[in-house]
S.K.: 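First, the structure itself, so that you have it in front of you.
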Number of protein chains: 2
Amino acid sequence: MPKPEVDPTVQLELSVDRGSPVPLYFQLSQQLESAIERGVLTPGTLLGNEIELAARLGLSRPTVRQAIQSLVDKGLLVRRRGVGTQVVHSQVKRPLELSSLYDDLEAAGQRPATKVLVNTVVAVSAEVAAALGVAEDSEVHRLERLRFTHGEPMAHLCNYLPPGLLDLDTGQLEATGLYRLMRAAGITLHSARQTIGARSATATEAERLGEQTGAPLLTMQRVTFDDTGRAVEFGTHTYRPSRYSFEFQLLVRS
Amino acid sequence: MPKPEVDPTVQLELSVDRGSPVPLYFQLSQQLESAIERGVLTPGTLLGNEIELAARLGLSRPTVRQAIQSLVDKGLLVRRRGVGTQVVHSQVKRPLELSSLYDDLEAAGQRPATKVLVNTVVAVSAEVAAALGVAEDSEVHRLERLRFTHGEPMAHLCNYLPPGLLDLDTGQLEATGLYRLMRAAGITLHSARQTIGARSATATEAERLGEQTGAPLLTMQRVTFDDTGRAVEFGTHTYRPSRYSFEFQLLVRS
DNA sequence: TAGTGGTCTAGACCACATC
DNA sequence: ATGTGGTCTAGACCACTAA
């Protein structure tokens, strides 16, 4: 018997639509990802080899490889030379994204609300000028918001934006998140540098968040860059640790 | 004039060695990365087009694309259709890696030291069994360490490992980090799920770390998986926020 | 020894941005 | 209209793993 084991992808009814504007490799990777997420391809399963899969779908091997590689990059598959491609065991959720607190809360069904405390233009401080990479004598947008879930304060968000980058409408800011407004304005977010720490609440901070003076707070500072490398936002956030923690998936860099 | 601008990669003396076992695309990407890090290719620079670069190096276009793509994945380059490939502006340091505290400290020149408090085998608690995915009646390694820098306590590390995974020698644990021992034992780390939060120190915790009872502590919980998806470590760590914070670079997932 | 993924080639056509 | 990256093909040889 040449092949006692069955290629599990045979039973997947994979197919690609050459008329679609969606790239072929992407169509394939989506179908595979969906099969993995639905549990049709169970952890540990060895996929059939690339050549055969390519032949069955009428694709070239590089195209199939591109599809598989994208899932390897996402951490869903593992390739081993001489062995094959295997579905990774276990609870791989989502790798860490450059995410918006607002979007995260909304996705978790937490019904976030925002109260804008400050929305003005001010002269930059030295710290903010350094973080944003703007001249020391320029002006920046200053934004201060309280974020609520279930009517309870959860975080205090203080942000600075370079001048002229964006029109910041208080109404819009209370209806959605800052990142979404930036994306809507045609800004392509690219990367961010974050620092997460902790410290005791001052009297003002405690009052704002409904904590006691001296209570532990989770802090996050972030500078966000767009795809031209320009700093588009500097933020200093404080969170109530009883209501928020940072949770994420890391992949090993190869 | 057909080309008033000069392709900056021309002056880079790029070359590949076909006799080397190092893949051609990797040789190229390393040379480009080094040029970017040394500042020879400055931020904003537009690279010449892929076809020409391939011709000049005697490589095929897919090979050159593979080299460039790996740098795009690292966040060093940005491609724009119809425009070209550009060196990203700005202080892109290192993306978040699945990193070892010990290695991080050593790389930062902090001369870390470790004191092993507990190194035994115990019956699992329900929480640990769930995190590691082992049976409720099995045994696990339990590890408790204090991490010092400059002679001052910085973190308390409590870890659990599946039975039989690794020989844990107390001497080795005080000389290096847990991840390095796991890698040396042939374990390929693949991913981890982390939670970062904050809370007040209990009396015991405060005593261990040289803080006051009730002082804010930074906390991290992590489950690490190898490339077969098996959980290989579960850890609960607490840090003195005055001496440690989490700092990292995020890239937007495309 | 047989089968796998890893790498590489030399073309091709298309979509998009800019001029 | 031109030039860029995005996608795709149909092969090829090699390195590694396992039986």
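Lettering of chains follows the sequences in order, A, B, ..., and the numbering in each one begins at 1. As the structure is a prediction and not an experimental result, all values here were calculated from the model.
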S.K.: Roughly how many Å is it from CZ in A:R81 to P in D:dT17, rounded to a whole number?
M.R.: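 After rounding, the gap between these two atoms is 8 Å.
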S.K.: Send over the distance from A:Q27 CD to D:dT7 C1', rounded to a whole Å.
M.R.: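 Value for this atom pair: 12 Å.
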S.K.: Starting from C1' on D:dG3, measure out to CZ on B:R80 and report it in whole angstrom.
M.R.: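 B:R80 atom CZ is separated from D:dG3 atom C1' by 16 Å.
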S.K.: Can you tell me how far P of C:dA17 sits from CG of A:D227, to the nearest Å?
M.R.: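 Answer to the nearest Å: 13 Å.
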S.K.: Please classify the nucleic acid contact of A:I51 as base, sugar-phosphate, or nothing, using heavy-atom distances under 4.0 Å.
M.R.: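 Counting heavy atoms under 4.0 Å across all strands, no contact is made by A:I51.
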S.K.: Using atom CD of B:Q66 as one end and atom C1' of C:dG6 as the other, report the distance to the nearest whole Å.
M.R.: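 Nearest whole value for this atom pair: 9 Å.
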S.K.: Under 4.0 Å from OP1 or OP2 of D:dT4: is there any side-chain N or O of B:T85 that close?
M.R.: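 Indeed not, no polar side-chain atom of B:T85 lies that close.
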S.K.: Could you state the CZ-C1' distance from A:R18 to D:dT7, rounded to the nearest angstrom?
M.R.: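 So the CZ-C1' distance, A:R18 to D:dT7, works out to 11 Å.
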S.K.: If you only use heavy atoms from C-beta on, which nucleotide in D:dC8, C:dC8, C:dT18 is closest to the side chain of A:T63?
M.R.: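 In terms of side-chain proximity for A:T63, the closest of D:dC8, C:dC8, C:dT18 is D:dC8.
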S.K.: Does one side chain, of A:T224 or A:Y179, offer a donor that lies under 3.5 Å from an acceptor on the other?
M.R.: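 There is such a pair between these side chains.
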S.K.: Hey, could you give me each pair passing salt bridge (Lys or Arg N to Asp or Glu O under 4.0 Å) that has a residue in residues 163-191 of chain A? Not counting sequence neighbours.
M.R.: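 Non-adjacent pairs meeting salt bridge (Lys or Arg N to Asp or Glu O under 4.0 Å): A:D103-A:R180, A:E106-A:R180.
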S.K.: For a quick check of understanding: with a heavy-atom distance under 4.0 Å over all strands, which category does A:R61 fall into, base, sugar-phosphate or nothing?
M.R.: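 It contacts base atoms.
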S.K.: Rounded to whole angstrom units, what separation is found between the CG atom of A:L24 and the P atom of D:dA10?
M.R.: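 A:L24 atom CG is separated from D:dA10 atom P by 12 Å.
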S.K.: Any base atoms under 4.0 Å from A:P23, or only sugar-phosphate, or nothing? Heavy atoms, all strands.
M.R.: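 The residue A:P23 makes sugar-phosphate contact but no base contact.
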S.K.: Could you tell me whether A:E50 and A:R79 make a salt bridge, using a distance below 4.0 angstrom between a side-chain N and a carboxylate O?
M.R.: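 Salt bridge between A:E50 and A:R79, a charged N being under 4.0 Å from a carboxylate O: yes.
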S.K.: To the nearest 10°, let me know how far the axis at one end of the helix from C:dT1-D:dA18 to C:dT18-D:dA1 is tilted from the axis at the other, five pairs an end.
M.R.: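 Terminal axis comparison yields 10°.
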S.K.: D:dG3, OP1 or OP2 - any side-chain N/O from B:N49 closer than 4.0 Å?
M.R.: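 So the side chain of B:N49 is outside the cut-off, no N or O lying under 4.0 Å from OP1 or OP2 of D:dG3.
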S.K.: Quick one: A:E52 CD to C:dG5 P, roughly how many Å, whole number?
M.R.: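 Going from A:E52 (CD) to C:dG5 (P), I get 10 Å.
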S.K.: Nearest nucleotide by nearest heavy atom, which residue falls closer to the 5' end of DNA chain C, A:R65 or A:G84?
M.R.: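 Residue closer to the 5' terminus by nearest nucleotide: A:G84.
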